[in-house]
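As structure tokens, the structure follows; a few thoughts come after it.
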Amino acid sequence: MRMRNKQRKPTTLHCNAGSRCTLSAVVWSLVGCILILHLYSLVHQSDGNERDIQERLNHLQLSRELEEVEEDNDFQIPPPRGKRSPRAVKRRPKRATSLIEEFLDESSQFKHLFFPDKRTAMDPRKEVEDDNHYFYPGRIWLDTDGNPIQAHGGGILYVEKSGTYYWYGENKDGPTYHAHKKGAARVDIIGVSCYSSKDLWTWKYEGIVLAGEEQNETHDLHKSNVLERPKVIYNEKTGKYVMWMHIDDVNYTKASVGVAVSNSPIGPFEYLYSMQPHGFDSRDMTIFKDDDGVAYLVYSSEDNSELHIGPLTDDYFDVTHIMRRILVGKHREAPAIFKYDGTYYMVTSGCTGWAPNRALAHAAESIMGPWETMGNPCVGGNEVLRQTTFFAQSTFVLPLPGLPGSFIFMADRWSSADLRESRYVWLPLAVGGAADQPLEYNFGFPLWSRVSIYWHRKWKLPDHWKGI
Ligand code: GAL
């Protein structure tokens, strides 16, 4: 019968000529394969996890190193006048009694504390074991030619493509003088210096990328004017490097910003123009480029009583009509902005000219504000160091590529008697922990993470940091 003849569908499969494998064998080999795959992915995953854990450990170790709270008894307030020997008082009747006065006193016996001499300079040409790559806040810092770095009130641009940092700042390598009896100490405009580095410690001089003007007295950059706090950002859309700076006249009444442009990070920059942004006076300033490519100008305005912030146009050559007043009535200047984990942070100084004062950290969810003040970010050292931003004034905060949450706080230790002698105070900055000052709108509950700048007499980036 047809039915009888019809063979039952075999449970065996013909795999290839001559070999027959049972269904169960196939199922088992499939299971085996799956198991092997699973095992492989587990091993792989655990490799990844191990790498993850190692990275976290490295990061922790780094944080521990950089965030160590270091006391400093070198900077001590001299004993009050009464406790000094009467003979000493007689010898120096005008001797300052506070360390800040000592700092500002040209002939202070403590000068070497604030402005150590050449013998202690950071020198990339010397191979000194255990000393290379150490940052010594306040010491003379030599470039690869052996000349002191002249990049005051500066900022850093990181060019990822080449892994190079460019440090731009005021070249103040000229005589300090007072244009008027009551005017601020000044140096003629020499220009904006640029230095390049791969490790943030060894800096090669790339020259003056925007020069002062010698002849034309009507030019913004005429040497008798003021050029301060230059900052450079790169515009991906136009392929241009754009520099913004504070432009002023000798009496600080022009109160403007200047803009310059270049095709290369090492210049030359072409000066475009100056303006009063949004029609307001503008003195200390900075620019900040956000992750989405939108850049912002922040400037002290209304006679330094408040800050203004607003986005730049797409080409970064101008401001738009959008502007917000922030930190109104707080009298802050020297703004340095950075972003971490979606929150914006800013460090500012008070307005006391070249004299140091207490820094404040601020935070905001939106860069346009509102900005809240969190208190003094300075940690360690001693009370005087903390109350004077380590005898320095903020200029820039540099994120460390590859180390999220770790930054370098860059500040200027101004030598008002001889501005070319001004020093750099670079210190580790970290974001984390609760803010230590009750905030205005949060019923005393800390909303923001604390910004901490850690004092170190000497410190270095960890060897495993990719920049070294
Ligand atoms: C400071 C300012 C410096 C410079 C100085 C002149 O307040 O931050 O950039 O302008 O005043 O006295």
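Order of appearance sets the numbers: ligands from 1, and atoms from 1 within every ligand.
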Query raised in the report: Just checking, is any N or O donor in the side chain of Tyr344 or Asp290 under 3.5 Å from an acceptor N or O on the other one?
Result: yes

Query raised in the report: Does Thr286 reach the side chain of Met346, with side-chain heavy atoms less than 4.5 Å apart?
Result: no

Query raised in the report: Can you name the ring-ring contact (aromatic ring centres under 6.0 Å, His included) partners of His178, sequence neighbours left out?
Result: none

Requested in this report: Please confirm whether Trp167 and Trp141 have ring centers closer than 6.0 angstrom.
Outcome: yes

Query - Distance-only polar pair, side chains of Tyr177 and Arg186, donor-acceptor under 3.5 Å - result: yes

Report task. For Glu214 and Lys223, run salt bridge (Lys or Arg N to Asp or Glu O under 4.0 Å): C-alpha distance rounded to whole Å, both residues' side-chain angles, the deciding distance at 0.1 Å, then the answer. Result -> CA-CA 6 Å; Glu214 285 281 327; Lys223 58 184 179 183; 3.5 Å; yes

**Report entry** Amino acids contacting ligand 1, non-hydrogen cut-off under 4.0 Å
**Finding:** Ala184, Glu228, Arg229, Tyr252, Asp284, Glu333, Gly353, Trp354, Gln393

